[in-house]
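Numbering of ligands and ligand atoms starts at 1, following listing order.
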Amino acid sequence: MEKLIIEKSRPGRRGYTLPQLDVPVAELSNLVPDKFLRKSEPNLPEISENEVSRHYVKLSKLNYSIEDGVYPLGSCTMKYNPKVNEKVASMPGFAEIHPCSQDEHVQGALRVLYECGEFLKEVTGLQGVTLQPSAGSQGELTGILLFRAYHKDRGDDKRNVILIPDSAHGTNPASAAIAGFQVVTVNSLPDGRIDIDDLRSKANDTVAGFMITNPNTVGVFETNIREIEQIIHGCGGLMYMDGANLNALLGIVRPGDMGFDCVHINLHKTFSTPHGGGGPGSGPICVSEKLIPFLPVPQVRKEGDKFIIVRDTEKTIGSMHAFFGNYGVVVRAYTYMRMLGRENLRRISENAIINANYLMKLIEHEYLMPFKEFCMHEFVCSADYQKEYGVSAKDIAKRLLDYGFHAPTIYFPLIVHEAMLVEPTETESKENLELFAEALIKISNEAKTNKELVLSAPTTTPVRRLDDALAARKLNVKW
Ligand SMILES: *Cc1c(COP(=O)(O)O)cnc(C)c1O
């Protein structure tokens, strides 16, 4: 194992030089009360520039990223993120502005916020927007708080239920519960879609709303969405779309046209910010006319050719984030959309769908496909065939690492046994998809002929199999 940087430290070694001091030395105790002064020097690594550089380059090589290769992590949209996004986001006019600047001094920065919001309204076919939430999950919470405010404002106090399909991402029920609602689960049918009869039996005047992902988490489009919308609106509820799978819909179908009142957009997924290391992300929501009065503040509006900040509104739910959210992620999304333009946004989704279907075809003779139809931008397969030889989805995921690929999402969605959720995205070439399929097929053959190889994987990574339960329960990040 690579040593920690503190273990490489040697007293007196330096990686910097400071200019000669040309002012009197300040007496610290005159500046900071004595009780706050440390009694001994901090234990910081002392190391040369050369060693610092090598240390971090080595660490970066232990990581796997979209810059290394295929990253088919289903539901996460790990697409290649164009470098121009980074370049624009790091321009001083964006990166170094103070969040408390006067409106008239930061018109360009406000314009980016305003126009990014307008683009998202167009993409989703909805009428209102906030860019504040810092992740999809916080967008969910914001949306459900808007639902609550809407019902309350009408004096409709008995609605305490949010309906959610059994295939939903875990953040959906978590958001509904944090917002104070009771979660009632709606079943899926064997084809992966919502069971309309089950939905109808649960739709009543206690329902505040329905949260659904479309295309859903098994990669299938909810073709009955219009009927679903009529059932929910018919009982006085509101429609929430988890927009994590928007990479399948750009320029093709709009949530507003499907009857949704609210959708979050994971900018870091669909609109390309590097993610997967824990952030920062951004989860704007777009809303229908009836939710606009309750949107968070502050908001950017356009008056004539000026952009102004509105700091309070009569019925707002308040703020979900300081200032305007994670601004740098918004700049990246804006850059990405401006670089591509309307026509090419649609091609993102078309190519994502073609790639997923091609990959699915390449492996369908080796892996069980629980849903026998075309997929959208991702598909779910199962390791049930391999399970007969004693090899699980987790084993296959580990073995993929030996072949130099990131694993797909496994054991999600929960409704599929031994699930592997594969999302290649539009940014993989045909050759890369074929290489990835070849690895999956080889692993399936290994499961039949040499399963020890698969069960002992990974063998080429810096660490082998970790006890993931122990790491989660007894987290120790201290040296
Ligand atoms: C990623 C994802 C979320 C949560 O989004 P974050 O930005 O990670 O908070 C919610 N639902 C689905 C289906 C997702 O894939």
Side-chain angles (χ1 to χ4, degrees), residues 66 71-79 81 120 124 130-145 162 164-179 183 185-186 188 192-194 209-222 239-249 255 260 262-286 320-321 325-326 328-330 332-333 352 356 375-380 406-416 419-425:
I66 191 68
Y71 205 136
L73 196 62
S75 208
C76 298
T77 311
M78 306 303 282
K79 61 173 76 180
N81 308 287
L120 295 176
T124 60
T130 174
L131 304 178
Q132 259 189 14
S134 53
S137 44
Q138 205 192 12
E140 293 169 23
L141 176 62
T142 309
I144 299 302
L145 290 175
I162 298 284
I164 299 180
D166 55 6
S167 59
H169 192 262
T171 52
N172 293 187
S175 299
I178 292 172
V183 173
T185 304
V186 180
S188 302
R193 296 188 174 85
I194 287 291
F210 180 48
M211 291 180 95
I212 185 172
T213 312
N214 200 15
N216 62 29
T217 59
V218 302
V220 172
F221 191 79
E222 295 282 353
M239 290 280 288
Y240 185 98
M241 183 170 126
D242 178 330
N245 290 343
L246 201 63
N247 217 47
L249 305 182
F260 285 100
C262 183
V263 56
H264 76 249
I265 304 118
N266 307 64
L267 292 188
H268 44 286
K269 296 181 182 173
T270 313
F271 294 108
S272 128
T273 280
H275 62 292
S282 178
I285 56 173
C286 290
M320 295 302 291
H321 195 290
N326 285 330
V329 182
V330 174
R332 286 174 178 86
C375 64
M376 294 293 285
H377 69 309
E378 63 186 350
F379 64 89
V380 65
H406 197 284
T409 296
I410 53 171
Y411 301 112
F412 175 79
L414 304 177
I415 57 170
V416 175
M420 296 165 55
L421 183 61
V422 186
E423 179 182 6
T425 84

Original post:
Between the main-chain N or O of Ser282 and the side-chain N or O of His268, is there a donor-acceptor pair closer than 3.5 Å?
Top reply: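 At least one qualifying donor-acceptor pair exists.
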
Is there a donor-acceptor contact under 3.5 Å linking the side chains of [X] and [Y]?
X      : Y      : answer
Ser134 : Asn326 : no
Ser75  : Glu423 : no
Asn216 : Glu222 : yes
His169 : Thr171 : yes

**OP:** Would you please name every residue forming a ring pair (Phe, Tyr, Trp, His ring centres under 6.0 Å) with Tyr71, sequence neighbours left out?
**Re:**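 Result, ring pair (Phe, Tyr, Trp, His ring centres under 6.0 Å) vs Tyr71: Tyr64, His406.
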
Tabulate distances under 3.5 Å between N/O atoms of ligand 1 and N/O atoms of the protein, writing both atom names on each line.
| unit_1 | atom_1 | unit_2 | atom_2 | d |
| --- | --- | --- | --- | --- |
| ligand 1 | 5 (O) | Asn266 | ND2 | 2.9 |
| ligand 1 | 7 (O) | Gly136 | N | 2.8 |
| ligand 1 | 7 (O) | Asn266 | ND2 | 3.0 |
| ligand 1 | 7 (O) | His268 | NE2 | 2.8 |
| ligand 1 | 9 (O) | Gly136 | N | 3.4 |
| ligand 1 | 9 (O) | Ser137 | N | 2.9 |
| ligand 1 | 9 (O) | Ser137 | OG | 2.7 |
| ligand 1 | 11 (N) | His169 | ND1 | 3.4 |
| ligand 1 | 11 (N) | Asp242 | OD1 | 3.4 |
| ligand 1 | 11 (N) | Asp242 | OD2 | 2.5 |
| ligand 1 | 15 (O) | Ser75 | O | 2.9 |
| ligand 1 | 15 (O) | Ser75 | OG | 2.5 |
| ligand 1 | 15 (O) | Lys269 | NZ | 2.9 |

